[in-house]
Amino acid sequence: MDLVQMQKSLQDYTKSLFLEGILDSQFLQLQQLQDESNPDFVSQVVTLFFQDSDRILNDLSLSLDQQVVDFKKVDPHVHQLKGSSSSIGAQRVKNACVVFRNFCEQQNVEACHRCLQQVKQEYYLVKNRLETLFKLEQQIVASGGMVPAVELGF
Amino acid sequence: MGMETESQFHVLAVDDSLFDRKMIERLLQKSSCQVTTVDSGSKALEFLGLRVDDEDPNVLSTSPHIHQEVEINLIITDYCMPGMTGYDLLKKVKESAAFKSIPVVIMSSENVPARISRCLEEGAEEFFLKPVKLADLTKLKPHMMKTKLKKESEKPAKEEESEVSKPEIKEEEDPSVIEILPLHQELESEKLEPLMSGGNKRKAMEEVISTDRSRPKYNDITTSV
């Protein structure tokens with residue numbers, strides 16, 4: 001695949017993530033923060049997000065598996081995940097967290113279990129897609145090309 | 001007038017989340033600010049040079065080793081933090097004789113009107129909803145400029161000073177009122193007109209006390225001298 005084709009693939013792939021609602025405009029904000037002085041900002045921040053989220057999801061699983069669920073512990077975790085997913089533009093994860101928090105407030109354990117599954121699903125989806133996105137970028141850079149700025153015509 | 005736009009503003013950013021610190025740091029850098037990040041309110045106070053008395057947390061003393069070389073032009077802090085919240089930090093800064101003139105901005109991922117008005121009433125210049133955007137940070141410049149102007153123009157005549165700062169007051173005041181409303185930033189600028197004549201509590205308070213916007217609550221405002 002030549003460079004131009006790779007760049008087009010990347011653009012199309014990125015667009016699809018927005019069209020599917022997996023990413024929202026906040027992701028564009030992140031890209032605006034990346035420049036020559038901070039060329040890896042987006043991947044750095046996203047990596048941090050993955051690390052944080054893996055930990056949080058693990059803690060949430062443990063907390064919800066307790067005999068008596070301590071919602072005072074569960075809610076802050078969901079709050080944090082909602083915040084960080086919102087900050088990187090992981091729209092569907094954020095939305096799943098909003099629903100999750102509502103059920104936390106109601107102290108509905110069963111619903112919370114379902115919510116956790118939903119959050120995990122959305123999280124693994126965005127994680128997978130972003131990892132693919134970064135791989136595409138790396139291929140372009142490795143071939144001596146520049147990663148094109150995102151142009152969203154919709 | 002010595003408006004040194006070349007010299008950078010230095011912002012102290014406070015947030016317990018590493019992720020959020022990285023975000024706000026980059027946002028501020030991209031807005032041409034120098035940034036120092038700390039992960040707690042107490043570390044922020046330490047950095048400023050304030051020591052909290054362990055016996056009586058209400059007693060704040062100034063450490064003999066104040067960071068005089070590091071001039072902080074603005075403090076931006078998360079609201080929800082363990083231990084000292086952003087609100088607590090705001091109060092401590094505004095209660096300190098040495099640092100009350102430093103503008104403070106609060107950030108929160110939760111849109112709670114009561115929280116927002118409480119912060120603004122305590123002296124916060126702005127309240128940003130997370131995720132904070134680059135466009136939000138353009139609102140910081142007027143607040144930071146005031147601290148620079150104040151230091152540069154130590155004019156004895158207060159009237160002169162109010163002439164200097166007055167044009168900025170009206171502009172920057174209403175945006176902070178608007179922050180209460182969960183509207184998109186672009187929409188908010190259109191709302192400036194109707195809100196200017198509104199009976200805003202803080203605005204009324206300041207008209208009574210002084211035109212010095214950065215010290216809304218105190219009467220000992222002689223910056224001059």
Side-chain angles (χ1 to χ4, degrees), chain A residues 23-57 59 72-73 75-91 93-95 97-98 100-102 104-105 123 126-127 130 149, chain B residues 8 11 13-35 37 39-40 76-86 105-112 115-116 127-140 182-188:
Chain A
L23 291 180
D24 64 24
S25 60
Q26 182 59 28
F27 190 76
L28 295 177
Q29 285 278 323
L30 279 194
Q31 292 183 318
Q32 274 184 26
L33 294 175
Q34 186 163 286
D35 57 25
E36 301 83 41
S37 66
N38 276 256
D40 301 312
F41 178 71
V42 180
S43 64
Q44 278 173 2
V45 157
V46 170
T47 303
L48 255 180
F49 168 68
F50 290 159
Q51 286 169 352
D52 264 2
S53 305
D54 287 336
R55 184 183 44 84
I56 290 174
L57 288 171
D59 288 345
K72 285 207 194 72
K73 279 215 180 98
D75 187 74
H77 283 320
V78 184
H79 170 76
Q80 206 185 320
L81 186 56
K82 173 179 155 258
S84 53
S85 58
S86 165
S87 290
I88 68 150
Q91 188 175 245
V93 177
K94 178 194 72 176
N95 291 341
C97 287
V98 172
F100 197 157
R101 280 195 96 193
N102 287 335
C104 279
E105 241 177 287
Y123 169 69
V126 72
K127 186 173 187 189
L130 284 174
Chain B
Q8 278 192 308
V11 178
V14 192
D15 203 312
D16 59 311
S17 152
L18 172 61
F19 177 89
D20 288 340
R21 280 200 301 283
K22 187 133 177 89
M23 289 291 300
I24 193 66
E25 178 187 60
R26 189 68 199 115
L27 280 162
L28 287 165
Q29 285 169 348
K30 195 77 181 165
S31 306
S32 310
C33 294
Q34 269 185 289
V35 194
T37 59
D39 65 7
S40 72
I76 184 163
T77 177
D78 187 27
Y79 183 92
C80 274
M81 295 189 292
M84 194 185 294
T85 66
V105 169
I106 311 278
M107 306 179 277
S108 176
S109 56
E110 292 177 311
N111 188 350
V112 181
R115 173 184 295 184
I116 297 174
F127 192 102
F128 289 159
L129 287 173
K130 284 180 172 179
V132 177
K133 299 180 179 21
L134 261 177
D136 294 329
L137 298 192
T138 58
K139 294 186 181 183
L140 300 184
L183 292 175
H184 192 271
Q185 306 296 350
E186 279 78 65
L187 275 175
E188 286 161 15

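Residue numbering restarts at 1 for every chain, and letters A, B, ... go by the order of the sequence lines.
- Atom CG of A/Leu130 and atom CZ of A/Phe50 lie 5.0 Å apart (nearest 0.5 Å).
- Within the 4.5 Å cutoff, the side chain of A/Ile88 has no heavy atoms near those of the A/Val126 side chain.
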Please report all inter-chain donor-acceptor pairs (under 3.5 Å) between chain B and chain A, with distances to 0.1 Å.
{"unit_1": "B/Lys22", "atom_1": "NZ", "unit_2": "A/Gln44", "atom_2": "OE1", "d": "3.1"}
{"unit_1": "B/Arg26", "atom_1": "NE", "unit_2": "A/Leu33", "atom_2": "O", "d": "2.7"}
{"unit_1": "B/Arg26", "atom_1": "NH2", "unit_2": "A/Leu33", "atom_2": "O", "d": "2.9"}
{"unit_1": "B/Arg26", "atom_1": "NH2", "unit_2": "A/Asp35", "atom_2": "OD1", "d": "3.2"}
{"unit_1": "B/Arg26", "atom_1": "NH2", "unit_2": "A/Asp35", "atom_2": "OD2", "d": "2.9"}
{"unit_1": "B/Lys30", "atom_1": "NZ", "unit_2": "A/Asp35", "atom_2": "OD2", "d": "2.7"}
{"unit_1": "B/Glu110", "atom_1": "OE2", "unit_2": "A/Arg101", "atom_2": "NH1", "d": "3.1"}
{"unit_1": "B/Glu110", "atom_1": "OE2", "unit_2": "A/Arg101", "atom_2": "NH2", "d": "3.4"}
{"unit_1": "B/Leu134", "atom_1": "N", "unit_2": "A/Gln29", "atom_2": "OE1", "d": "3.3"}

(request) Starting from the C-alpha separation in whole Å, work towards a yes-or-no answer on side-chain contact (heavy atoms from CB on, under 4.5 Å) for B/Val14 and B/Met81. (result) CA-CA 9 Å; B/Val14 192; B/Met81 295 189 292; 3.7 Å; yes

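- Looking at heavy atoms from C-beta onward, B/Leu140 lies in side-chain contact with B/Leu28 at the 4.5 angstrom threshold.
- Interface check for chain B: of the options A/Val45, A/Leu48, A/Leu30, A/Leu33, the most heavy-atom pairs under 4.5 Å are formed by A/Leu33.
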(request) Could you walk me through whether A/Val42 and A/Phe27 pass the side-chain contact (heavy atoms from CB on, under 4.5 Å) test, one step at a time? (result) CA-CA 9 Å; A/Val42 180; A/Phe27 190 76; 3.9 Å; yes

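- Taking 4.5 Å as the limit, every side-chain heavy atom of B/Thr77 sits out of range of all side-chain heavy atoms of B/Met107.
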